[in-house]
Amino acid sequence: MPVAQLPALLRSLADQFPSFAPQLIARADRACDGVWMILGYPPAKLGRLPDWQRDFVSNQRWDPDQLSRRQPIVRRGGSDVGSDIKIPWEISRLQHLPSIALAFQLTADRRYLDLVCEQLADWIARNPPGLGVNWTCAMDVALRAVSMSWAWELCRSDPRVPAELRAKLYWSLFAHGHFLRGHLEDGGSFVGNHYVANLLGLIWLGHLYPALKGATRWRAVGIKRLISHLPAQLHSDGGDQEASIAYHRLVAEMVGLAATLTRAPELVAAFVRMARFTHGVLKPDGTAPQLGDNDGGRAFRLIDRAPLDHSYLVSWAAAFNSSLSAPPDPESALLSPPPRNAGEVDPLPNAQRGGGLGRGVHEFPDSQLTALRRDDFYVLLSATPVGQHGQGGHGHNDKLSLELFLGGDVIVDPGSFSYTGDPAARNAFRSTAAHATLQVDQLEQNLISLDLFHLPERARARILRSEPQNHAWIWEAEHHGFAPLVHRRTARIDLAARSVQLSDEVTGRTTQAEHTVTARFPLAPDVSARLDGNGFLIGRGGEAILRLIAPPAAHLAIDQGWYSADYGARQGCQVLRVSLRGPLPLRLEIDLIASEQMTAPP
């Protein structure tokens with residue numbers, strides 16, 4: 001959208017969404033006061049011009065004069081506290097600047113213009129190309145180029161912009177594009193979201209600044225390579241091949257920006273497929289489940305939103321294809337997609353199945369996911385591979401796990417919390433015991449190594465059947481991660497009765513006379529449970545919502561665990577544990593039944 005038309009759109013959005021303008025202005029005011037909101041960490045007082053090389057959590061700092069290619073990923077101080085390179089990278093993505101520029105367009109407040117200009121000038125001066133931590137990863141170079149140019153385009157026509165900044169800014173954007181062209185992350189056995197970001201950076205800069213030397217070529221190469229790469233990045237059902245719904249959102253944002261900018265039919269089609277996947281897995285409140293890693297990574301942050309709110313992707317893609325339906329969203333409106341065209345992209349095959357029951361069932365056979373939804377009741381069942389062609393860089397030991405929503409989150413995936421900043425937590429959050437699945441003895445589904453971004457595939461999980469049966473939906477899957485044992489889970493979901501019956505069976509031959517099988521159910525932080533006969537009574541806000549019924553011979557316990565909805569943030573939660581010991585074959589049957597009429601837990 002032309003900048004001249006933007007104030008009118010912003011005023012219209014302010015009228016349509018009462019919280020839009022106050023949140024945008026509050027965000028810009030915080031930035032003017034030097035307060036930074038980084039991922040899930042508490043607000044950090046880093047100043048208007050922060051130290052761009054420092055991880056403010058561990059207080060470790062990278063050398064701004066050292067060549068970027070020689071920068072260590074992890075720095076350790078005298079206290080041996082692990083640093084997290086994601087923090088300076090995230091700060092230097094400068095993703096707050098476009099929203100501050102939007103606040104300037106809405107209010108004409110000079111403070112916001114000054115802050116955008118100051119931070120652009122300071123970042124350029126203190127981060128010469130090829131030096132320091134912020135030229136280490138080409139992905140971050142690309143996403144920063146998007147942020148810098150986006151903010152610049154919203155401000156550059158104002159006569160108060162310093163003349164000397166213009167030359168420095170265009171030189172820096174050229175340096176970003178030149179760096180990307182020479183440092184594409186297309187090596188290794190799996191090429192993933194980093195490469196998508198690289199190509200978006202080339203497309204973005206080449207499209208906006210064709211006068212820069214080589215820019216026309218950047219755009220052409222970016223479009224051609226992105227179209228060529230997406231079949232390897234995406235399953236045919238629209239899911240991302242990295243086994244992470246959070247990374248699916250990141251890739252969808254990047255593909256969506258490229259599609260909006262270029263209108264290339266192949267990119268539009270890919271974006272709509274990804275949005276259909278998002279629509280299928282969303283919970284009734286518009287939030288997404290947390291399958292696999294969630295590092296909070298985004299391609300843009302124009303407005304504040306809950307960390308697991310992915311619904312805007314559907315609203316954005318609906319402008320490309322009217323068969324998608326989602327509530328209006330201010331961020332989607334700001335992205336200015338092309339007009340609606342119902343025939344532009346065909347609906348995905350098998351996205352929905354069946355009659356009355358099938359309308360609530362969304363199956364993704366390549367991603368090995370099934371989501372069932374009716375009113376305020378939702379169940380996600382997963383047999384996903386570890387992703388990245390078996391490398392598992394962002395996958396977890398969550399095979400045959402489930403999430404359950406009943407008026408709000410009840411049984412959840414715990415998230416990620418940290419990468420290099422806390423290696424022990426990193427491995428704990430991706431372990432079998434952290435997820436709502438079954439564990440045999442203390443074995444892991446896939447071997448967790450010292451490499452924090454490697455989870456080699458051995459489980460080979462797969463869905464065996466997923467079909468309607470007697471007014472319910474039967475889902476059956478198995479994996480071989482406990483080889484020579486096999487774990488098979490059968491779930492019977494009755495959407496009308498809001499119940500789930502689980503049957504876990506472990507078969508095979510070993511030298512051990514007996515084994516212990518343990519089913520765990522991590523609860524959302526606002527949900528609590530108490531023992532109730534041969535099961536648990538689960539409640540929220542003083543109201544009983546769900547009862548878990550276990551076999552009389554099972555051992556029951558309530559453990560303390562962790563839940564993280566955003567990178568760097570975690571909350572305590574309860575984890576329900578149901579264990580059974582005996583010889584093979586072992587079968588553990590558990591019922592989950594909505595319970596509105598029972599006494600709530602204290």
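Start at 1 with the first residue, then count along the sequence.
Between the side chains of Gln388 and Glu242, a donor-acceptor pair is found at a separation under 3.5 Å. For the residue pair His310 / Thr287, no side-chain donor-acceptor distance below 3.5 Å is found, with atom types taken as modelled. Counting only N and O atoms by type, the side chains of Asn198 and Glu185 include a donor and acceptor under 3.5 Å apart. With hydrogens and angles left out, the side-chain atoms of Ser449 and Asp451 include no donor and acceptor closer than 3.5 Å. At a cut-off of 3.5 Å, with distance as the only test, a side-chain donor of Ser466 or Trp473 sits close to an acceptor on the other residue. Defined by atom type and a distance below 3.5 Å, a donor-acceptor pair is present between the side-chain atoms of Glu253 and Tyr312. Side-chain atoms of Ser244 and Arg249 include no donor-acceptor pair closer than 3.5 Å. Looking at Ser416 and Ser564, their side chains never bring a donor and an acceptor atom within 3.5 Å of each other.
The residues Glu514 and Arg581 are annotated as salt-bridged, a charged nitrogen and a carboxylate oxygen being separated by less than 4.0 angstrom. Contact check on Glu331 versus Arg301 returns no salt bridge, with no Lys/Arg side-chain nitrogen under 4.0 Å from an Asp/Glu carboxylate oxygen. Using a cutoff of 4.0 Å between basic side-chain nitrogens and carboxylate oxygens, Glu478 and Arg462 are scored as salt-bridged. Using a cutoff of 4.0 Å between basic side-chain nitrogens and carboxylate oxygens, Lys86 and Asp295 are scored as salt-bridged. Ion pairing between a basic and an acidic side chain is recognised when a charged N comes within 4.0 Å of a carboxylate O; Asp532 and Arg547 show such pairing. With salt bridges taken as basic N to acidic carboxylate O contacts below 4.0 Å, none links Asp293 and Arg430.
Judged purely by atom type and a 3.5 angstrom limit, Thr420 has no side-chain atom pairing as donor or acceptor with the backbone of Val74. At distances below 3.5 Å, not a single donor-acceptor pair connects side-chain atoms of Arg465 with backbone N or O atoms of Glu476. Side chain of Asn294 to main chain of Ala565: a donor-acceptor pair is present (N/O by atom type, distance under 3.5 Å, no hydrogens or angles). A donor-acceptor pair under 3.5 Å is formed between the side chain of Ser315 and the backbone N or O of Pro327. Side chain of Asp566 to main chain of Ala569: no donor-acceptor pair is present (N/O by atom type, distance under 3.5 Å, no hydrogens or angles). For the pair Asp237 (side chain) and Ser367 (backbone), a donor-acceptor distance under 3.5 Å is present. Judged purely by atom type and a 3.5 angstrom limit, Lys283 has no side-chain atom pairing as donor or acceptor with the backbone of Tyr378. A distance-only check finds no donor-acceptor pair linking the side chain of Asp504 to the backbone of Arg489 [under 3.5 Å].
The six-membered or imidazole ring of Tyr419 lies near that of Tyr567, with a centre-to-centre distance under 6.0 Å.
For the side-chain contact (heavy atoms from CB on, under 4.5 Å) test, residues two or more places apart in sequence or in another chain that qualify with Ser499 are Asp494, Ala497, Ile593. Not counting sequence neighbours, the partners of Asp422 by the side-chain contact (heavy atoms from CB on, under 4.5 Å) test are Phe417, Ser418, Ala424, Ala425. With sequence neighbours left out, the side-chain contact (heavy atoms from CB on, under 4.5 Å) criterion links Ala433 to Ser431, Gln439, Arg520.
By the 6.0 Å and 45° rule, Arg298 stacks over the aromatic ring of Phe300. A cation-pi contact links Arg426 to Phe453, judged by a cut-off of 6.0 Å to the six-membered ring centre and 45° from its axis.
Between His362 and Phe364, the ring planes lie parallel to each other; the angle is under 30°, not in the 30° to 60° tilted range.
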